[in-house]
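Residue numbering restarts at 1 for every chain, and letters A, B, ... go by the order of the sequence lines. Nothing here was measured: the structure is a model prediction, and the numbers come from that model.
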Amino acid sequence: MTPPSEVIPGRRSSASRTHQPARADNGLPGVFYQREPWVVASELLGKVLVKGETAARIVEVEAYGGVDDPASHAHRNRTRRNDAMFLEGGHWYVYFSYGMHWCINVVCGSAGVPGAVLLRAAEPMAGLAVMRARRGAAVRDTGLCNGPARLAQSFGVTGSLDAACIGTDRSGDLGIIDDGQACAGDPVNTVRVGISAGEAIPWRWYVPGSPHVSRPR
DNA sequence: ACCGGGATGTTCT
DNA sequence: GAACATCCCGGTG
């Protein structure tokens with residue numbers, strides 16, 4: 001399914017000017033997710049989060065591990081909340097934060113070994129009107145998906161998707177696809193945001209210069 | 001611009 | 001009871 005007639009920022013409408021056919025959207029194979037979260041994380045930059053008519057290019061992520069990562073929800077025990085982190089890579093982990101926000105994670109690694117990548121920010125590409133209906137009519141483009149809870153809200157994601165499989169095309173519920181566009185620039189690697197344990201672990205990556213990143217610098 | 005506080009529920013001490 | 005992978009709004013420069 002192709003998105004509606006909406007203009008997609010950052011995408012050239014020059015397919016007719018080249019001999020190469022436009023590259024098809026590709027879902028990511030299961031093995032992509034079945035690696036350590038800190039390996040998968042930076043490779044998710046530039047990929048496209050899709051759900052219905054909404055789409056956005058991922059520009060900021062953070063990796064979270066298991067018992068060795070004091071900032072991880074799986075640092076202590078397996079509970080009902082963090083259970084999805086123990087699934088095989090290729091599922092969603094969606095948790096409720098601060099009593100009012102939802103956050104979206106990509107589960108990574110092998111079954112039984114907790115690990116996930118938090119999707120912190122993305123550049124809206126399609127369905128911006130739907131995002132505004134969820135986030136607020138006056139919200140700027142750069143305010144739609146520049147934070148983990150804002151991103152989830154723009155996509156209408158709640159806990160009902162926790163532990164679901166990651167979709168591989170635009171016809172599914174919530175998925176990730178590769179549209180062939182490379183990440184613009186080398187990812188910037190920093191410490192993670194908003195945590196009070198494991199502050200020294202540099203497991204955050206973002207696209208340099210993107211105005212859609214949640215907290216530049 | 002930068003700050004401080006409040007909203008709100010699940011998890012853990 | 002306190003902490004929490006957050007966000008919004010209203011204060012002050």
Side-chain angles (χ1 to χ4, degrees), chain A residues 33 36-42 44-45 49 56 58-87 89 91-109 113-124 131-164 166 174 176 187-207 210-217:
Chain A
Y33 301 107
E36 309 281 27
W38 54 89
V39 174
V40 175
S42 65
L44 282 170
L45 296 178
L49 185 68
I58 298 166
V59 298
E60 181 185 353
V61 295
E62 283 177 357
Y64 287 87
V67 293
D68 295 331
D69 177 9
S72 172
H73 288 168
H75 176 49
R76 297 180 183 281
N77 296 315
R78 188 169 183 165
T79 65
R80 199 156 100 263
R81 174 169 80 153
N82 66 23
D83 191 66
M85 286 188 77
F86 293 77
L87 297 174
H91 293 83
W92 294 115
Y93 167 45
V94 182
Y95 70 89
F96 198 44
S97 178
Y98 288 94
M100 69 193 83
H101 302 300
W102 296 99
C103 294
I104 305 171
N105 293 254
V106 172
V107 177
C108 297
V113 181
V117 174
L118 172 66
L119 303 184
R120 285 195 56 90
E123 174 185 348
M131 295 181 186
R132 281 202 174 83
R134 294 168 173 149
R135 287 265 308 124
V139 178
R140 304 162 151 60
D141 287 9
T142 52
L144 288 172
C145 301
N146 63 335
R150 293 166 175 172
L151 175 63
Q153 189 180 15
S154 278
F155 275 80
V157 170
T158 69
S160 64
L161 280 178
D162 186 43
I166 297 174
L174 180 68
I176 298 177
V188 178
N189 178 218
T190 73
V191 296
R192 294 170 291 184
V193 169
I195 55 173
S196 59
E199 301 101 316
I201 304 176
W203 279 356
R204 173 181 182 239
W205 289 266
Y206 64 88
V207 175
S210 171
H212 302 275
V213 168
S214 69
R215 283 172 52 173
R217 68 158 268 161

Qualifying residues under side-chain hydrogen bond (donor to acceptor under 3.5 Å, both in side chains), relative to A:Arg78, sequence neighbours excluded: A:Asp83

Apply side-chain contact (heavy atoms from CB on, under 4.5 Å) to residues A:Leu118 and A:Cys103 and explain how you reach the verdict. CA-CA 7 Å; A:Leu118 172 66; A:Cys103 294; 3.9 Å; yes

Does anyone know the first and last nucleotide of DNA chain C in reach of chain A, 5' to 3', at under 4.0 angstrom to a heavy atom? C:dC4 to C:dC8

Using a 4.5 Å cut-off on heavy atoms from C-beta on, say whether the side chain of A:Arg120 contacts that of A:Pro148. yes

Side-chain polar contacts of residues 93-101 of chain A - donor-acceptor pairs under 3.5 angstrom, sequence neighbours left out - could you list them?
unit_1, atom_1, unit_2, atom_2, d
A:Tyr93, OH, A:His73, ND1, 2.7

Heavy atoms under 4.0 Å, any strand shown: does A:Ala71 hit a base, just sugar-phosphate, or nothing? base

Determine whether A:Met131 and A:Cys145 satisfy the following criterion, side-chain contact (heavy atoms from CB on, under 4.5 Å), listing intermediate values before the conclusion. CA-CA 9 Å; A:Met131 295 181 186; A:Cys145 301; 4.0 Å; yes

Of A:Ser196 and A:Asn146, the one whose closest DNA chain C nucleotide lies more 5': A:Ser196

Name every residue in residues 93-101 of chain A that has at least one heavy atom under 4.0 Å from any atom of DNA chain B, in order of residue number, or write none if there are no such residues. A:Phe96, A:Tyr98, A:Gly99, A:Met100

Check DNA chain B for consecutive Watson-Crick or G-U pairs with both distances under 3.5 Å and list the runs of at least three as stems. B:1-7 with C:6-12, B:9-12 with C:1-4

Mind checking the CG-CG spacing from A:Leu45 to A:Leu119? Nearest 0.5 Å is all I need. 10.0 Å

With heavy atoms under 4.0 Å as the rule, sort A:Ile195 into base, sugar-phosphate or nothing. sugar-phosphate

Taking the side chain as everything from C-beta on, heavy atoms only, tell me whether A:Trp92 gets closer than 4.5 Å to A:Ile176. yes

Set out, in order, the CA-CA distance, both residues' side-chain angles and the distance that settles side-chain contact (heavy atoms from CB on, under 4.5 Å) for A:Trp205 and A:Leu44, then state yes or no. CA-CA 10 Å; A:Trp205 289 266; A:Leu44 282 170; over 6 Å; no

Distance (rounded to the nearest 0.5 Å) between A:Asn189 CG and A:Tyr206 OH: 9.5 Å

Which residues within residues 154-163 of chain A lie with some heavy atom under 4.0 Å of an atom in DNA chain C? none

Steps toward side-chain contact (heavy atoms from CB on, under 4.5 Å) verdict (A:Val106, A:Val61): CA-CA 10 Å; A:Val106 172; A:Val61 295; over 6 Å; no

Counterpart residues, side-chain hydrogen bond (donor to acceptor under 3.5 Å, both in side chains), relative to A:Asn105 (two or more places apart): none

Could you pull out every donor-acceptor pair under 3.5 Å between side chains of residues 132-139 of chain A and any protein atom, sequence neighbours left out?
unit_1, atom_1, unit_2, atom_2, d
A:Arg132, NE, A:Val139, O, 2.7
A:Arg132, NH2, A:Val139, O, 3.0
A:Arg132, NH2, A:Asp141, OD1, 2.5
A:Arg134, NH1, A:Ser154, O, 2.8
A:Arg135, NE, A:Gly143, O, 3.4
A:Arg135, NE, A:Leu144, O, 3.4
A:Arg135, NH1, A:Gln153, OE1, 3.1
A:Arg135, NH2, A:Gly143, O, 2.8

d(A:Ile104 CD1, A:Ile58 CD1) to nearest 0.5 Å is 9.0 Å

Counted 5' to 3', the first and last nucleotides of DNA chain B within 4.0 Å (strictly under) of a heavy-atom of chain A are B:dA7 to B:dT13

Looking at residues 77-86 of chain A, who's got a heavy atom less than 4.0 Å off DNA chain C? A:Met85

What residue pairs, at least two apart or across chains, pass salt bridge (Lys or Arg N to Asp or Glu O under 4.0 Å) with a residue in residues 66-77 of chain A? A:Asp69-A:Arg192

Side chain A:Glu123, main chain A:Ser210, donor-acceptor under 3.5 Å: no

Not counting sequence neighbours, which residues clear side-chain hydrogen bond (donor to acceptor under 3.5 Å, both in side chains) with A:Asp162? List them please. none

Please check this pair: side chain of A:Ser72 against backbone of A:Tyr64, looking for a donor-acceptor N/O pair closer than 3.5 Å. no

Would the distance check show the side chain of A:Asn82 and the main-chain N or O of A:Asn77 forming a donor-acceptor pair, the cut-off being under 3.5 Å? yes

